[in-house]
Amino acid sequence: VKEDSAWDILIHDVRILPLSDRDPFINHGWLAIRGPEILALGEGDPPPHPARKKIRGTRCLAMPGLINAHLHAPMTLFRGLADDLPLKTWFEEHIFPAEGKWVNEEFVYWGTLLACAEMIRSGTTTFCDGYFYEDQAGRAALQSGMRGLVGQGILDFPTPDSPSPAESIHRIKNLIQDLSGSNLIRPAVFPHTVYTCSPDLLKECRSLADQYGVPLLIHLSETRSEVEEVMKKYGRRPVDHLENLGLLSSPLIACHCVWLTEEEMDLLARRKVRVVHNPESNMKLASGVAPVPDLLARGVTVGLGTDGCASNNNLDLFQEMDSAAKLHKVHRLDPTVMPSQTVLEMATLGGARVLGMEKEIGSLEAGKKADVIVLDLNRPHLQPVYNLTSHLVYSATGADVRDVIIDGKVVMESRRLLTLDEGKILEKMNAVKENILQRIQQKSPQES
Ligand SMILES: [Zn+2]
């Protein structure tokens with residue numbers, strides 16, 4: 001350790017789960033942060049060195065921040081608006097019309113603020129978003145201090161922010177330009193699905209992503225009806241359709257991937273397509289069970305996501321890990337599939353690989369970004385501790401996260417948000433709800 005300047009943050013007297021090859025587990029140690037990066041970590045007491053801020057972690061655990069690899073942040077505002085419905089009804093009669101009526105710049109801004117507050121509170125430090133007015137999602141996320149990708153949505157038909165795909169393309173280009181100086185929030189291109197984007201539009205999105213070197217996100221093979229619809233329309237299954245259009249040729253982030261054949265899984269592995277698993281959304285919308293153990297066995301990179309709040313209905317990745325592990329066990333009638341270690345990796349380094357950020361985040365290592373969360377283990381449901389990984393997946397929830405550091409900045413301390421005005425955000429939610437309910441009531445007499 002060099003003596004030239006003080007550390008910005010020292011976390012000490014703490015258990016550390018670095019999730020790196022070098023340091024599997026430190027029972028009692030310390031971690032030093034300077035600027036946005038982890039400077040060093042080690043066993044025992046820290047070497048004597050001045051630190052501007054000290055965080056004592058007695059009976060706590062420091063670990064990498066979780067990575068939510070797929071969500072639609074502003075949809076927090078639709079939380080609980082329409083549940084227990086078939087996906088087609090849910091989408092076509094509730095979500096699409098609701099989006100058409102209510103989604104505007106303010107909606108996206110406040111919805112993303114709410115989402116960031118919820119994510120920070122539950123230990124998520126990086127997210128990958130896909131929605132409309134993503135400049136506003138980016139604005140909110142930058143205020144929160146979170147790290148993430150904001151994917152501007154694009155479809156064949158008019159969307160809340162664009163009367164035509166051409167206008168969406170224009171928005172994407174503006175977003176890429178506006179975020180060119182930002183380290184924390186980066187742009188992405190988000191064609192919604194294979195069945196809501198024409199072959200030409202999909203190819204245009206691919207070349208746009210390649211031209212600017214930004215990630216391409218898509219929902220892929222989420223439901224059986226999607227596969228049937230694409231077969232009917234193009235004579236190919238969705239994965240085959242994308243291969244035929246050249247979309248699998250360079251990194252693609254494919255969300256869901258529930259309905260896959262053996263050949264499609266082989267192809268996804270060969271093309272190095274990155275997959276995001278969203279177990280709670282797949283369960284709630286009864287979409288099916290993604291063959292994640294088979295994808296992992298083929299070496300496919302898999303991350304974990306919550307999907308939008310309307311189909312989950314929260315952004316707590318600790319709960320998502322629990323669901324991911326249990327879903328595959330009951331589905332295969334085999335308690336040995338998806339062990340806690342595998343699931344925890346999906347929510348950390350796996351997610352980092354999905355987003356192409358594995359050199360920066362996903363584990364606690366000197367030289368990586370300081371995205372660190374501190375969990376309070378001194379709670380009845382987390383004692384005794386035989387196996388930390390087991391606790392993180394099967395016992396902990398986001399509410400156990402005490403402190404959150406992102407890019408070397410403390411954004412939550414002792415469960416108090418430091419970057420966001422939580423009171424103001426929560427107060428705004430009353431107005432949002434009243435506004436939405438009022439419009440539903442106005443509309444219902446004509447509709448019924
Ligand atoms: Zn989604």
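Both ligands and their constituent atoms are indexed starting at 1 by order of listing.
The salt bridge (Lys or Arg N to Asp or Glu O under 4.0 Å) pairs that include a residue from residues 173-183 number zero, where partners must be two or more places apart or lie in different chains. Each ring-ring contact (aromatic ring centres under 6.0 Å, His included) pair with one or both residues in residues 269-310, not counting sequence neighbours, appears once here: His277-His328.
The set of protein atoms (N, O or S) found at less than 2.8 Å from the Zn ion (ligand 1) reads His70 NE2, His72 NE2, His219 NE2, Asp307 OD1, by chain and number.
Environment of CD in Glu427: sparse, with no more than 12 heavy atoms of neighbouring residues, nucleotides or ligands closer than 6.0 Å.
Taking the six-membered ring for Trp, His192 and His72 have ring centres at least 6.0 Å apart.
Cation-pi geometry between Arg139 and Tyr109 is satisfied (NZ or CZ under 6.0 Å from the ring centre, within 45° of the ring normal).
Evaluation of the side-chain hydrogen bond (donor to acceptor under 3.5 Å, both in side chains) rule for Glu167 yields no partner, not counting sequence neighbours.
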